[in-house]
2 protein chains.
Amino acid sequence: MARWQPDARGRLEAAAFELFRERGFEQTTVADIAARASLDKRTFYRLFGDKREALFSGSGRVEEVLVRAVTETDAGPFEAVVAAFRRVAEELFADRLELVRARQAIIESSPELQERELRKSGSLAAAVTAALRARGLDETTATLATESGATVFRVAFARWIAPDSDAPLSDLIAEVAAELRAITSAPNALTSAGPDEPSRRW
Amino acid sequence: MARWQPDARGRLEAAAFELFRERGFEQTTVADIAARASLDKRTFYRLFGDKREALFSGSGRVEEVLVRAVTETDAGPFEAVVAAFRRVAEELFADRLELVRARQAIIESSPELQERELRKSGSLAAAVTAALRARGLDETTATLATESGATVFRVAFARWIAPDSDAPLSDLIAEVAAELRAITSAPNALTSAGPDEPSRRW
DNA sequence: ACGGTCATGTCGCAAAGTGACATCGGCACT
DNA sequence: AGTGCCGATGTCACTTTGCGACATGACCGT
């Protein structure tokens, strides 16, 4: 028997991605995934904690880039986090709009996957906060900077994958960061702040 | 047979809470919960979508208070959200520190429950954002205000349930909100800009 | 060739959910 | 009271998840 399959993990990820697109997440069985990759269900569970994990293998790389970027700068906490997310946008997301859209569509179709994504984001945030603390910041400051930066990223990301969007994610992040500043620093603005001038490289 | 149980839902919630505390979430079976409430497993699934939901029945009330508070004020978006969370703190959390601590301990013991809590928070946030939009704010402003306010709440909440804490949650929220302002309002220039080769496979 | 180790397959099982159907209790209406 | 309907609950059977235990085949160093 073909014991020793090259890149079993990668093949399972690919099979899962295809099947989730074809039939949807809930209509896809782990046995289906394994079958398409010519592997056994049990093998799947040895490589992935559960069915959802097959979609989230990339989060490790995101964490790497994020932590490295935050560690290697000496900008203010919030600025550092925003810059780190822009790094991620440039290194990991640019050029992959369609792939990211497809993946996001799958996630949004299933509550289970949404939950998992939230958890992944949470652990990413924890790692960034830890990196900030390693720079000497106190817990509260580090957490607030991380969460604010993550919020900026989420909003910018949503705009990026919107069907009519074409601006680079990195630019969108910079714009949204500026908007956040406007909101939190002016304790009386009753109405919204219009789309400000996109701050370039600052 | 005893068809017709008074307050089946409440009894199942109580039974679940007890069992989760006694044996932990994963070691508790839905059949166990139902048995303690003298009901059938199938009945549990008619009242709750899944095992986790038994712990999250309170989120409905939180949403009510939040949305009402945000709707009935004309303060700036961020201020309105912070004030709304303070309302929640006063009306729903004050006087229940020990209960909340126990509940939080259960949640933190199980990744599954953490995911569910994240999702609940997310749908709460969506409701608040919608309420802000109903006041005429644009999507981005509403989202940023909601998320920032939620972050403030999370940080304050963590302090509140910390073992050595004794300040009222509502006060902690006000303090943390001030700290967030301090962080985001001082734009401190400095980019990341590192020559790095892009990694593959997000 | 030998033994060890690692990746994979096979088998079986507890628990999560769910659909279909049965049953009981109260309720309205005669 | 009698009848009949409806909603809440129980029962059964089933699919899927996820995992433990064990078997087996492939590769590796000696």
Side-chain angles (χ1 to χ4, degrees), chain A residues 1-57 106-107 109-117 119-120, chain B residues 1-57 106-107 109-117 119-120:
Chain A
M1 255 184 228
R3 272 352 139 118
W4 229 84
Q5 299 287 1
D7 194 22
R9 184 176 181 103
R11 280 170 39 211
L12 284 168
E13 279 170 20
F17 192 73
E18 290 169 20
L19 286 166
F20 293 167
R21 280 213 276 193
E22 292 170 18
R23 321 180 192 169
F25 175 77
E26 322 206 339
Q27 286 65 45
T28 301
T29 269
V30 172
D32 294 337
I33 300 172
R36 176 159 307 198
S38 307
L39 289 166
D40 190 83
K41 177 184 133 193
R42 199 66 185 80
T43 298
F44 178 94
Y45 281 112
R46 286 201 190 89
L47 300 179
F48 302 93
D50 57 46
K51 193 171 132 188
R52 294 149 227 127
E53 280 298 306
L55 248 193
F56 292 90
S57 56
I106 296 172
I107 291 175
S109 77
S110 155
E112 265 186 279
L113 290 173
Q114 292 170 37
E115 290 185 350
R116 177 55 49 86
E117 188 182 48
R119 184 166 108 197
K120 290 290 182 187
Chain B
M1 250 182 231
R3 276 298 90 220
W4 204 87
Q5 297 286 5
D7 193 22
R9 183 171 182 107
R11 278 170 39 210
L12 284 167
E13 279 170 18
F17 191 74
E18 291 169 19
L19 285 166
F20 292 167
R21 280 215 277 193
E22 292 170 18
R23 324 179 190 169
F25 175 76
E26 324 206 339
Q27 285 65 47
T28 301
T29 270
V30 172
D32 294 337
I33 300 171
R36 176 158 310 198
S38 306
L39 288 166
D40 191 83
K41 176 185 138 191
R42 200 66 184 82
T43 297
F44 178 94
Y45 280 111
R46 287 204 188 88
L47 300 179
F48 302 93
D50 57 44
K51 191 171 134 189
R52 292 147 231 131
E53 281 297 308
L55 247 194
F56 292 90
S57 55
I106 295 172
I107 291 174
S109 77
S110 155
E112 265 186 279
L113 289 173
Q114 291 170 39
E115 289 185 351
R116 178 55 49 88
E117 187 181 49
R119 184 166 110 198
K120 289 291 182 187

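None of the values given here were measured: they were computed from a predicted structure. Order of the sequence lines fixes the chain letters, A, B, ..., with proteins taken first and strands second; residue numbering starts at 1 for each chain. FYI, side chains are in, hydrogens and waters are out, and symmetry mates aren't considered; it's all heavy atoms of this structure.
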| Can you tell me how far NZ of Lys41(B) sits from OG1 of Thr29(B), rounded to the nearest 0.5 angstrom? | 9.0 Å
Nearest whole Å is fine: how far is [N] [atom2] from [X] [atom1]?
{"X": "Arg46(A)", "N": "dC22(D)", "atom1": "CZ", "atom2": "P", "value": "14 Å"}
{"X": "Arg9(A)", "N": "dT8(C)", "atom1": "CZ", "atom2": "P", "value": "12 Å"}
{"X": "Leu12(A)", "N": "dA7(C)", "atom1": "CG", "atom2": "P", "value": "14 Å"}
{"X": "Glu53(A)", "N": "dT17(D)", "atom1": "CD", "atom2": "P", "value": "15 Å"}
{"X": "Phe44(B)", "N": "dT11(D)", "atom1": "CZ", "atom2": "P", "value": "18 Å"}

Got a salt bridge between [X] and [Y], using NZ or NE/NH1/NH2 to carboxylate O under 4.0 Å?
{"X": "Asp50(B)", "Y": "Arg52(B)", "answer": "yes"}
{"X": "Glu115(B)", "Y": "Arg119(B)", "answer": "no"}
{"X": "Lys120(B)", "Y": "Glu53(B)", "answer": "yes"}

| task | Assess whether side chain to side chain contact (heavy atoms under 4.5 Å, CB included) is satisfied between Arg116(B) and Leu55(B), documenting all intermediate values. | result | CA-CA 10 Å; Arg116(B) 178 55 49 88; Leu55(B) 247 194; over 6 Å; no
| message | Within the 4.0 Å limit for protein heavy atoms, which parts of nucleotides 11-18 of chain C are touched? Write it as a string from 5' to 3', B for base, S for sugar-phosphate only, - for none. | response | ----SSBB
| remark: Looking only at heavy atoms, the pair that brings Leu12(A) and Ala34(A) closest together is CD2-CA, 3.9 Å
